[in-house]
Protein chains: 2
Amino acid sequence: MNDRRREPGQASGQTSGQTSLADIAAEAGVSVSTVSRIANGDLGRASAATVAKVQRLIAERGYRPNPVGRSLRGGDSRLVAMLAPNLDNPAMAAIAASTEAALRAAGYVMILCDTHDRPDLQDEYLRAMRSRFAEGFIVVSAVASPELEASLDRREPIVFVNRRNPYGGGPFIGIDNRQAGADAADHLLACGVRAPAVIHPADLSSTIRERVEGFLDRLEERRPGLTVRRCDGPGGNHLDCGYAAAKRLTADGGWPDGILCPSDLMAYGLFRAAGEQGVRIPDDCRPVGIDDNDLNDWIAPWLSSVKIPYQRFGDAIVTSLRDLRAGNSVGEVLLPHRLVRRQSGPAMAEDPA
Amino acid sequence: MNDRRREPGQASGQTSGQTSLADIAAEAGVSVSTVSRIANGDLGRASAATVAKVQRLIAERGYRPNPVGRSLRGGDSRLVAMLAPNLDNPAMAAIAASTEAALRAAGYVMILCDTHDRPDLQDEYLRAMRSRFAEGFIVVSAVASPELEASLDRREPIVFVNRRNPYGGGPFIGIDNRQAGADAADHLLACGVRAPAVIHPADLSSTIRERVEGFLDRLEERRPGLTVRRCDGPGGNHLDCGYAAAKRLTADGGWPDGILCPSDLMAYGLFRAAGEQGVRIPDDCRPVGIDDNDLNDWIAPWLSSVKIPYQRFGDAIVTSLRDLRAGNSVGEVLLPHRLVRRQSGPAMAEDPA
DNA sequence: ACAGTTTAGGCAAACGTTTGCCATGTTCAA
DNA sequence: TTGAACATGGCAAACGTTTGCCTAAACTGT
């Protein structure tokens, strides 16, 4: 008889206060192994009586396996890390919300990390999450970084969202950005726009580049020889960037009658610049965005935008992650987008200026 | 000599691939204890030579203590759980972003959980996080739930944000909601509003109730006897709620010339209802919100709103959490708000209808 | 009656860390 | 010379779990 065995019913952890396998085992008068097996559904290894007794105790005491012990043992941690460039961006919040729900439904817990689009922070989080035994990584708008490269080398399960793997390959969830740009071009032409323009951040991510290229290519295809004015703004925040780029674009040459803003936030920046200059949106200048922030329906009725189905990203991400962990080769998932037309604003006061 | 000791340099974990104490110990030819002590800065327990050798190896191999092992041991997990009612709400995203940054600066990692304002999910996350040895909880807009009550009983460190502890007491981070409501009232009166109104969700949280009461009390104080129209909308999403409440309010009695929307999202809902009915905002009806979403500066120039300094919440939360864990008694922290006046929209097309 | 198989369940190692206690060896004072 | 004090560092338990292997006892077939 093991006299070091904990007394039945005595609380175990000074730390957690939760009932542990040992508690149940002591109370049932069986070994920890037996309880562990029964708790994990291996019912063939004990007598029916024992199984019943242990199951009753598990239910009674509300035993739930401790994930930390499991992690340490090398089992599953049920932890997935999501690295996002900035939580402030409504698009990121939408992705985070949908992913969180999908992960929870699949029995996982999500750790959300804000990388501020900085390689060093991305690396720090990659390391921190690895040592917490995260079972997978979701990297939204990844940037190239040493630790990411290392993770890829070790074949850790990483799903890229929105922006492709900077080192190439790997599962990707997003939309057909070139097509989205082309759709935006079609929309502007359909609206009778004659002299379209485009603004974008100075440092082009793959995502933005594809959108802009898709836009320009489609215009060239349908209106050969048409010159499309193009201007960039300082990187970082897309709001500021859109504002600055719009001002730069229009400083010489005035306002175009239609313009692609490759993200909704840039369109918001442009909207502010227009307001300051008394330019009417969308009458004087018709913007088309990409993202279609949910708030558009409420407060940006002047913005037509390509809707990216962020609510559907969660499921796609979790599916890819599972396939990846199962060892299947996983490719790109391009979810369907569609342009949402908004023709006009609600009645608003005109600028008194 | 312990022949079961791992060979120096040999990778330890099939699981993590990280260098462990045992790796360093084997390579240095000392025991795990010694390495642990040196790694934790206890330099008095080993000779200078040993310390130097071990420190060199730690640096060389990039050893970082495994947080899971630490957690299990009962040490600190450096994990803090934040429970938020819905990530979609820009205000939540702002709080999450600022808290994440503050926690990271303090050496913590944040787990973000979306409770969808549901008591059962709040409980599930509370349990899950406790068994992951979370060192603290940040509950944004808490709802009453059995597990929350249990957590409070066990004196677990919980900081309440935005909405007070439904069971009373405990640290709280927020603003003076009554004062915010009063400020909104002053603003409307200063704008010459004669017949103010207010809309709010049908099920009033403490937060919203305080705002509305502060508003009404101030109006009564400054304009005794003035009747203020008041209408509620279905709970849940504040956007839909604001929309529905605005329609209900104006269905009989028409539009007021000024109105308190106790959250920006409700104001957005009202804006849409106004647009649909050709009512000009803010000329025909002047709304005042509370939150002051960052996007307002860009796309809602018609909305004056009480700015809640969400970027400053993070530091306040972390400070409270630390005090709480240190055993100090921690009270409420009311951060300063201020009303942001926006007079008019930019030039926009009038509704062609 | 005896060998072989099944049933029931315990032992112990492993994951990575921390820490109280013990075991050497050296130095120093009386 | 003999303790005592100190320096240096190892042992082992503990946190909670999982699982390969082992050991009894009971049963089966001949």
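The sequence lines fix the lettering, A, B, ..., with proteins before strands; numbering per chain opens at 1. Keep in mind it's a predicted model, so treat the numbers as computed, not measured.
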Would you say the base of dC15(D) and the side-chain of Ser20(A) have a donor-acceptor pair closer than 3.5 Å? no
Choose from dT17(D), dT17(C), dC11(C) the nucleotide whose nearest atom is closest to any side-chain atom of Val32(A). dT17(D)
Could you pull out the closest heavy-atom pair between Glu135(A) and Tyr108(A), with the gap in Å? OE1-CE2, 3.4 Å
So, OP1 or OP2 of dG9(C): does either fall under 4.0 Å of a side-chain N or O from Thr34(A)? no
Between P of dC15(D) and CZ of Phe133(B), the distance in whole Å: 10 Å
Do side-chain atoms of Ser36(A) reach the backbone of Val32(A) as a donor and acceptor pair under 3.5 angstrom? no
Salt bridge (charged side-chain N to carboxylate O under 4.0 Å, His left out) against Glu124(B), all qualifying residues, sequence neighbours excluded: none
Between side-chain atoms of residues 110-119 of chain A and protein atoms elsewhere (two or more places apart, or another chain), which donor-acceptor pairs fall under 3.5 Å?
residue	atom	partner	partner atom	Å
Asp114(A)	OD1	His116(A)	N	3.1
Asp114(A)	OD2	Leu87(A)	N	3.4
Thr115(A)	OG1	Ala84(A)	O	3.3
Thr115(A)	OG1	Asp117(A)	N	3.2
Arg118(A)	NE	Asp120(A)	OD1	3.2
Arg118(A)	NH2	Asp120(A)	OD2	2.8

Hey, is the side chain of Ser33(A) poking within less than 4.0 Å of OP1 or OP2 on dG9(C), counting only N and O atoms? no
Mind calculating the distance between CZ (Arg64(A)) and P (dT17(D)) to the nearest angstrom? 12 Å
Is there a side-chain contact between Ser36(B) and the phosphate of dT17(C), meaning an N or O under 4.0 Å from OP1 or OP2? no
Quick one: Arg132(A) CZ to dC15(C) C1', roughly how many Å, whole number? 16 Å
Atom CZ of residue position Arg78(A) - does it have more than 12 heavy atoms of other residues, nucleotides or ligands inside 6.0 Å? yes
Figure out the CD1/P separation between Ile38(A) and dT17(D), and round it to whole Å. 14 Å
Figure out the CG/P separation between Leu21(A) and dA14(D), and round it to whole Å. 17 Å
I'd like to know if Ser71(B) reaches the base of dC15(D) with its side chain such that a donor and an acceptor end up less than 3.5 angstrom apart. no
Identify which nucleotide among dC11(C), dT17(C), dG16(D) has an atom closest to any side-chain atom of Pro65(B), counting heavy atoms from C-beta outward. dT17(C)
Please report the C-alpha distance between Asn66(B) and Ser20(B) in whole Å, then the side-chain angles of each, then the deciding distance to 0.1 Å, and finally whether the side chain to side chain contact (heavy atoms under 4.5 Å, CB included) criterion is met. CA-CA 8 Å; Asn66(B) 183 317; Ser20(B) 71; over 6 Å; no
How is Val68(B) classified with respect to the nucleic acid when contacts are heavy atoms under 4.0 Å: base, sugar-phosphate, or nothing? nothing
Members of residues 39-58 of chain B that approach DNA chain C, where some heavy atom sits under 4.0 Å away: Asn40(B), Arg45(B)
Rounded to the nearest angstrom, tell me the gap between atom CZ in Arg37(A) and atom P in dG20(D). 9 Å
Roughly, in whole Å, what's the span from CG in Leu72(A) to C1' in dC15(D)? 9 Å
Measure across Ile24(A) and Leu57(A) and return the closest heavy-atom pair with its distance rounded to 0.1 Å. CD1-O, 3.8 Å
Take the protein atom CZ of Arg70(B) and the nucleotide atom P of dC15(C), then report the distance between them rounded to whole Å. 19 Å
